[in-house]
Amino acid sequence: MKLYELGLYEKAMPNALTWYEKLAAAKDAKFDYVEMSIDASEEKISRIYMSREERLELIQDMYRADMPVRSMCVSALTKYSLGNSDEKLADRGMEIAVNAIRLAADIGARVVMIPGYDVYYEPSSEETKKRYFNNLKKVVEMAEKAGVMLGLETMENEFMNIVEKAMKYVTLCGSSYLKIYPDIGNLTNAAKMYKIDVLEDLYLGKGNLTSMHLKETLPGRFREVPYGTGHVDFESAIEKAWELGVRRYVAEFWYLDGEDWRKNLEETYAKLSAILNRQGGGSGT
(Lines give C-alpha, C1' and ligand atoms only; values in the text may rest on other atoms or scores of the structure.)
Protein backbone atom coordinates (compact mmCIF):
# COMPACT_ATOMS: atom_id res chain seq x y z
CA MET A 1 0.00 0.00 0.00
CA LYS A 2 1.33 3.44 -0.95
CA LEU A 3 1.73 5.64 2.14
CA TYR A 4 1.79 9.05 0.43
CA GLU A 5 -0.09 11.06 -2.18
CA LEU A 6 1.59 13.05 -4.92
CA GLY A 7 -0.56 15.83 -6.37
CA LEU A 8 -0.19 17.85 -9.55
CA TYR A 9 -0.37 21.63 -9.79
CA GLU A 10 -3.10 22.55 -12.25
CA LYS A 11 -0.89 25.03 -14.14
CA ALA A 12 1.39 22.19 -15.26
CA MET A 13 -1.30 21.59 -17.91
CA PRO A 14 -2.62 23.86 -20.69
CA ASN A 15 -5.21 26.30 -19.42
CA ALA A 16 -7.46 25.64 -22.45
CA LEU A 17 -8.25 22.11 -21.25
CA THR A 18 -11.60 21.44 -19.60
CA TRP A 19 -11.65 20.30 -16.00
CA TYR A 20 -12.36 16.75 -17.09
CA GLU A 21 -9.44 16.81 -19.53
CA LYS A 22 -7.07 18.09 -16.84
CA LEU A 23 -8.21 15.50 -14.34
CA ALA A 24 -7.96 12.69 -16.89
CA ALA A 25 -4.44 13.81 -17.91
CA ALA A 26 -3.32 13.81 -14.27
CA LYS A 27 -4.78 10.33 -13.88
CA ASP A 28 -2.98 9.08 -17.00
CA ALA A 29 0.31 10.37 -15.56
CA LYS A 30 -0.42 8.45 -12.30
CA PHE A 31 -0.78 11.45 -9.98
CA ASP A 32 -3.09 11.08 -6.99
CA TYR A 33 -4.86 14.44 -7.04
CA VAL A 34 -4.87 17.90 -8.60
CA GLU A 35 -4.21 21.21 -6.88
CA MET A 36 -6.59 23.90 -8.14
CA SER A 37 -5.27 27.38 -8.91
CA ILE A 38 -7.13 30.49 -7.79
CA ASP A 39 -4.73 33.09 -9.15
CA ALA A 40 -5.24 36.84 -9.60
CA SER A 41 -6.87 36.54 -13.03
CA GLU A 42 -10.60 37.17 -13.07
CA GLU A 43 -11.04 33.86 -14.90
CA LYS A 44 -9.59 31.91 -11.97
CA ILE A 45 -11.16 34.10 -9.26
CA SER A 46 -14.59 33.48 -10.80
CA ARG A 47 -14.28 29.85 -9.69
CA ILE A 48 -15.04 30.80 -6.11
CA TYR A 49 -18.47 31.96 -7.27
CA MET A 50 -19.38 28.68 -9.00
CA SER A 51 -23.08 27.90 -8.85
CA ARG A 52 -24.31 24.76 -7.08
CA GLU A 53 -24.76 23.17 -10.50
CA GLU A 54 -21.20 24.01 -11.55
CA ARG A 55 -19.80 22.59 -8.30
CA LEU A 56 -21.75 19.41 -8.84
CA GLU A 57 -20.45 19.19 -12.41
CA LEU A 58 -16.86 19.48 -11.16
CA ILE A 59 -17.46 16.73 -8.61
CA GLN A 60 -18.95 14.56 -11.36
CA ASP A 61 -15.85 15.21 -13.49
CA MET A 62 -13.69 14.05 -10.57
CA TYR A 63 -15.64 10.81 -10.31
CA ARG A 64 -15.63 10.26 -14.08
CA ALA A 65 -11.85 10.75 -14.24
CA ASP A 66 -11.22 9.01 -10.91
CA MET A 67 -9.07 11.99 -9.97
CA PRO A 68 -9.98 14.38 -7.12
CA VAL A 69 -9.15 18.03 -6.50
CA ARG A 70 -7.72 17.86 -2.99
CA SER A 71 -5.91 21.17 -2.48
CA MET A 72 -6.21 24.75 -3.64
CA CYS A 73 -3.53 27.39 -4.26
CA VAL A 74 -5.05 30.83 -3.63
CA SER A 75 -2.29 32.94 -5.16
CA ALA A 76 -4.84 35.69 -5.87
CA LEU A 77 -3.91 36.84 -2.36
CA THR A 78 -0.69 38.19 -3.85
CA LYS A 79 -2.48 41.01 -5.68
CA TYR A 80 -5.34 41.16 -3.20
CA SER A 81 -3.13 40.80 -0.14
CA LEU A 82 -4.65 40.55 3.32
CA GLY A 83 -2.42 43.33 4.66
CA ASN A 84 -2.90 45.72 1.75
CA SER A 85 -2.98 49.44 2.58
CA ASP A 86 -5.75 49.88 0.01
CA GLU A 87 -8.85 48.89 1.96
CA LYS A 88 -10.69 47.82 -1.19
CA LEU A 89 -7.91 45.44 -2.21
CA ALA A 90 -7.64 43.97 1.30
CA ASP A 91 -11.42 43.54 1.47
CA ARG A 92 -11.41 41.73 -1.87
CA GLY A 93 -8.65 39.50 -0.56
CA MET A 94 -10.85 38.61 2.41
CA GLU A 95 -13.77 37.86 0.10
CA ILE A 96 -11.57 35.64 -2.07
CA ALA A 97 -10.15 33.76 0.92
CA VAL A 98 -13.53 33.15 2.53
CA ASN A 99 -15.19 32.00 -0.68
CA ALA A 100 -12.22 29.79 -1.56
CA ILE A 101 -12.69 28.01 1.77
CA ARG A 102 -16.40 27.53 1.01
CA LEU A 103 -15.59 26.13 -2.42
CA ALA A 104 -12.98 23.79 -0.93
CA ALA A 105 -15.52 22.50 1.59
CA ASP A 106 -18.07 21.87 -1.17
CA ILE A 107 -15.75 19.95 -3.52
CA GLY A 108 -13.78 18.07 -0.87
CA ALA A 109 -10.44 19.89 -1.06
CA ARG A 110 -8.49 19.27 2.16
CA VAL A 111 -6.02 22.16 2.17
CA VAL A 112 -6.31 25.78 1.07
CA MET A 113 -2.87 27.32 0.55
CA ILE A 114 -2.55 30.96 1.62
CA PRO A 115 0.57 32.78 0.34
CA GLY A 116 2.81 34.21 3.05
CA TYR A 117 2.56 37.86 2.02
CA ASP A 118 1.31 40.77 4.10
CA VAL A 119 1.74 42.82 0.90
CA TYR A 120 3.48 42.23 -2.40
CA TYR A 121 3.25 45.33 -4.61
CA GLU A 122 4.01 47.83 -1.83
CA PRO A 123 6.55 48.09 1.01
CA SER A 124 5.83 46.02 4.11
CA SER A 125 5.30 48.02 7.29
CA GLU A 126 4.14 47.64 10.87
CA GLU A 127 0.62 48.55 9.71
CA THR A 128 0.52 46.05 6.83
CA LYS A 129 1.75 43.30 9.13
CA LYS A 130 -0.87 44.17 11.74
CA ARG A 131 -3.64 44.25 9.12
CA TYR A 132 -2.46 40.92 7.72
CA PHE A 133 -2.55 39.27 11.13
CA ASN A 134 -6.00 40.62 11.98
CA ASN A 135 -7.43 39.50 8.64
CA LEU A 136 -5.67 36.14 8.82
CA LYS A 137 -7.38 35.48 12.17
CA LYS A 138 -10.76 36.10 10.54
CA VAL A 139 -9.93 33.74 7.67
CA VAL A 140 -8.84 31.09 10.17
CA GLU A 141 -12.18 31.37 11.95
CA MET A 142 -13.95 30.62 8.67
CA ALA A 143 -11.66 27.63 8.06
CA GLU A 144 -12.44 26.31 11.54
CA LYS A 145 -16.15 26.58 10.84
CA ALA A 146 -15.83 24.85 7.45
CA GLY A 147 -13.41 22.18 8.68
CA VAL A 148 -10.87 23.06 5.97
CA MET A 149 -7.13 23.22 6.70
CA LEU A 150 -5.22 26.39 5.83
CA GLY A 151 -1.55 26.14 4.88
CA LEU A 152 0.71 29.21 4.91
CA GLU A 153 3.08 28.89 1.97
CA THR A 154 6.66 30.03 2.38
CA MET A 155 7.19 32.61 -0.36
CA GLU A 156 10.06 34.54 -1.97
CA ASN A 157 9.81 37.73 0.08
CA GLU A 158 11.32 38.71 3.42
CA PHE A 159 7.97 38.55 5.23
CA MET A 160 7.55 34.78 5.20
CA ASN A 161 10.22 33.01 3.18
CA ILE A 162 11.19 30.39 5.78
CA VAL A 163 9.31 28.05 8.09
CA GLU A 164 10.59 29.84 11.19
CA LYS A 165 8.77 33.03 10.13
CA ALA A 166 5.57 31.16 9.24
CA MET A 167 5.57 29.52 12.68
CA LYS A 168 5.18 32.96 14.25
CA TYR A 169 1.71 33.30 12.75
CA VAL A 170 0.77 29.69 13.42
CA THR A 171 1.65 30.28 17.08
CA LEU A 172 -0.11 33.65 17.30
CA CYS A 173 -3.33 32.29 15.78
CA GLY A 174 -3.18 29.11 17.85
CA SER A 175 -5.61 27.18 15.65
CA SER A 176 -5.68 23.52 14.69
CA TYR A 177 -6.76 24.69 11.23
CA LEU A 178 -3.76 26.92 10.45
CA LYS A 179 -0.54 25.15 9.56
CA ILE A 180 2.38 25.57 7.12
CA TYR A 181 2.60 24.49 3.48
CA PRO A 182 6.34 24.80 2.74
CA ASP A 183 7.62 25.31 -0.78
CA ILE A 184 10.98 23.58 -0.87
CA GLY A 185 12.16 25.67 -3.83
CA ASN A 186 11.47 28.95 -2.05
CA LEU A 187 12.97 27.59 1.17
CA THR A 188 16.15 26.54 -0.65
CA ASN A 189 16.61 30.03 -2.09
CA ALA A 190 16.03 31.65 1.30
CA ALA A 191 18.40 29.24 3.04
CA LYS A 192 21.15 30.03 0.55
CA MET A 193 20.58 33.77 1.03
CA TYR A 194 20.55 33.59 4.85
CA LYS A 195 23.26 30.90 4.97
CA ILE A 196 21.10 28.58 7.07
CA ASP A 197 20.34 24.86 6.87
CA VAL A 198 17.09 24.33 4.95
CA LEU A 199 16.48 21.02 6.74
CA GLU A 200 16.86 22.61 10.17
CA ASP A 201 14.34 25.26 9.12
CA LEU A 202 11.90 22.55 8.03
CA TYR A 203 12.31 20.89 11.42
CA LEU A 204 11.04 24.04 13.14
CA GLY A 205 7.63 23.27 11.63
CA LYS A 206 7.44 19.78 13.14
CA GLY A 207 3.81 18.90 13.82
CA ASN A 208 2.60 21.87 11.77
CA LEU A 209 3.29 20.88 8.16
CA THR A 210 0.27 20.03 5.99
CA SER A 211 2.06 19.11 2.77
CA MET A 212 4.98 20.24 0.62
CA HIS A 213 5.34 21.94 -2.75
CA LEU A 214 8.08 20.21 -4.73
CA LYS A 215 9.36 23.01 -6.95
CA GLU A 216 12.74 23.53 -8.60
CA THR A 217 14.47 26.92 -8.22
CA LEU A 218 17.74 28.75 -8.76
CA PRO A 219 19.15 31.68 -6.77
CA GLY A 220 16.87 34.63 -7.52
CA ARG A 221 14.65 32.56 -9.80
CA PHE A 222 11.49 31.09 -8.29
CA ARG A 223 9.52 29.54 -11.14
CA GLU A 224 9.76 27.82 -14.53
CA VAL A 225 13.03 26.08 -13.64
CA PRO A 226 12.93 22.51 -15.07
CA TYR A 227 13.50 19.71 -12.58
CA GLY A 228 17.15 18.74 -12.42
CA THR A 229 18.45 22.10 -13.67
CA GLY A 230 18.16 23.96 -10.35
CA HIS A 231 19.74 23.62 -6.92
CA VAL A 232 16.97 22.01 -4.85
CA ASP A 233 18.01 18.78 -3.12
CA PHE A 234 14.70 16.95 -3.40
CA GLU A 235 16.11 13.73 -1.97
CA SER A 236 17.14 15.23 1.38
CA ALA A 237 14.12 17.56 1.56
CA ILE A 238 11.64 14.73 1.04
CA GLU A 239 13.57 12.52 3.47
CA LYS A 240 13.33 15.23 6.15
CA ALA A 241 9.67 16.02 5.39
CA TRP A 242 8.87 12.31 5.60
CA GLU A 243 10.63 12.10 8.96
CA LEU A 244 8.44 15.01 10.11
CA GLY A 245 5.26 13.21 9.11
CA VAL A 246 4.50 14.85 5.76
CA ARG A 247 2.68 12.42 3.47
CA ARG A 248 1.16 14.81 0.92
CA TYR A 249 3.26 16.43 -1.79
CA VAL A 250 2.49 18.50 -4.90
CA ALA A 251 4.64 18.72 -8.02
CA GLU A 252 4.60 22.45 -8.75
CA PHE A 253 5.69 23.41 -12.25
CA TRP A 254 4.25 25.31 -15.20
CA TYR A 255 3.14 24.43 -18.70
CA LEU A 256 5.08 26.35 -21.35
CA ASP A 257 3.79 26.80 -24.89
CA GLY A 258 5.11 24.30 -27.38
CA GLU A 259 6.39 21.71 -24.92
CA ASP A 260 5.31 18.06 -24.71
CA TRP A 261 3.36 18.61 -21.52
CA ARG A 262 2.02 15.08 -21.25
CA LYS A 263 5.57 13.70 -21.37
CA ASN A 264 6.58 16.28 -18.72
CA LEU A 265 3.80 15.06 -16.44
CA GLU A 266 4.88 11.44 -16.81
CA GLU A 267 8.58 12.19 -16.31
CA THR A 268 7.94 14.41 -13.29
CA TYR A 269 5.78 11.77 -11.63
CA ALA A 270 8.41 9.11 -12.25
CA LYS A 271 11.22 11.28 -10.85
CA LEU A 272 9.42 12.44 -7.69
CA SER A 273 7.59 9.20 -6.91
CA ALA A 274 10.89 7.31 -7.09
CA ILE A 275 12.27 9.51 -4.30
CA LEU A 276 9.09 9.15 -2.25
CA ASN A 277 9.09 5.39 -2.67
CA ARG A 278 12.61 5.25 -1.23
CA GLN A 279 11.31 6.79 2.00
CA GLY A 280 9.22 3.67 2.63
CA GLY A 281 6.23 4.96 0.73
CA GLY A 282 5.97 1.80 -1.32
CA SER A 283 5.26 1.51 -5.00
CA GLY A 284 1.83 -0.05 -4.74
CA THR A 285 -1.57 1.59 -4.79
Side-chain angles (χ1 to χ4, degrees), residues 4 6-7 9 11-12 35 71 73 75 77-78 81 83 111 113-120 123-124 129 132-133 136 150-173 178-254 268 271-276 278-279 281:
Y4 66 88
L6 178 57
Y9 186 45
K11 287 189 174 183
E35 180 164 276
S71 58
C73 176
S75 54
L77 298 183
T78 299
S81 53
V111 177
M113 188 282 289
I114 302 291
Y117 296 121
D118 57 338
V119 290
Y120 186 76
S124 182
K129 292 174 182 177
Y132 174 83
F133 175 51
L136 179 63
L150 296 180
L152 292 172
E153 185 178 28
T154 52
M155 306 305 291
E156 71 271 23
N157 66 336
E158 286 285 336
F159 179 70
M160 197 182 293
N161 53 359
I162 57 176
V163 170
E164 182 179 6
K165 293 179 180 179
M167 275 302 301
K168 169 185 174 180
Y169 289 91
V170 170
T171 302
L172 287 173
C173 287
L178 179 67
K179 302 298 179 182
I180 302 170
Y181 192 150
D183 181 311
I184 191 57
N186 295 345
L187 285 182
T188 299
N189 279 4
K192 297 287 186 182
M193 180 174 66
Y194 295 145
K195 295 180 172 46
I196 62 174
D197 187 324
V198 67
L199 302 184
E200 287 183 2
D201 182 60
L202 265 180
Y203 190 85
L204 296 177
K206 184 178 182 180
N208 291 285
L209 306 177
T210 68
S211 12
M212 177 183 277
H213 265 163
L214 300 176
K215 183 181 74 177
E216 184 70 276
T217 56
L218 285 166
R221 187 174 169 189
F222 293 85
R223 56 181 291 163
E224 298 177 359
V225 179
Y227 289 105
T229 66
H231 65 162
V232 177
D233 184 346
F234 291 102
E235 190 88 39
S236 65
I238 289 173
E239 182 179 0
K240 176 57 68 175
W242 190 276
E243 176 190 326
L244 297 174
V246 178
R247 297 294 182 269
R248 300 179 71 80
Y249 301 81
V250 169
E252 186 183 22
F253 59 107
W254 286 261
T268 298
K271 181 189 299 285
L272 297 178
S273 64
I275 299 173
L276 285 160
R278 288 197 287 274
Q279 307 312 313

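Counting from 1, the numbers follow the sequence of the chain as shown.
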Subject >> Partner residues of R221 under the side-chain contact (heavy atoms from CB on, under 4.5 Å) criterion, sequence neighbours left out >> reply: L218, E224, V225

Subject >> Any residue meeting side-chain contact (heavy atoms from CB on, under 4.5 Å) with K192, in chain and number order, not counting sequence neighbours >> reply: T188, H231

**OP:** Can you sort out the partners of D183 under salt bridge (charged side-chain N to carboxylate O under 4.0 Å, His left out), two or more places apart, ordered by chain and number?
**Re:** K215

Original post:
Taking only residues two or more places apart in sequence, or in another chain, which ones meet E243 in a salt bridge (charged side-chain N to carboxylate O under 4.0 Å, His left out)?
Top reply: K240

According to side chain to side chain donor-acceptor pair (under 3.5 Å), who are the partners of [X], at least two apart in sequence or on a separate chain?
| X | answer |
| --- | --- |
| E239 | none |
| S75 | none |
| Y249 | none |
| E216 | none |

**OP:** Tell me, please, which residues at least two apart from F159 pass ring-ring contact (aromatic ring centres under 6.0 Å, His included).
**Re:** Y132, Y169

Original post:
How would you list, by chain and number, every residue that makes a ring-ring contact (aromatic ring centres under 6.0 Å, His included) with Y227, sequence neighbours excluded?
Top reply: F234, F253

Original post:
Please, which pairs that meet side-chain hydrogen bond (donor to acceptor under 3.5 Å, both in side chains) have at least one residue in residues 199-211, sequence neighbours excluded?
Top reply: K179-N208

**OP:** Can you tell me which residue pairs pass the salt bridge (Lys or Arg N to Asp or Glu O under 4.0 Å) test with a partner in residues 151-171, sequence neighbours excluded?
**Re:** E158-K165

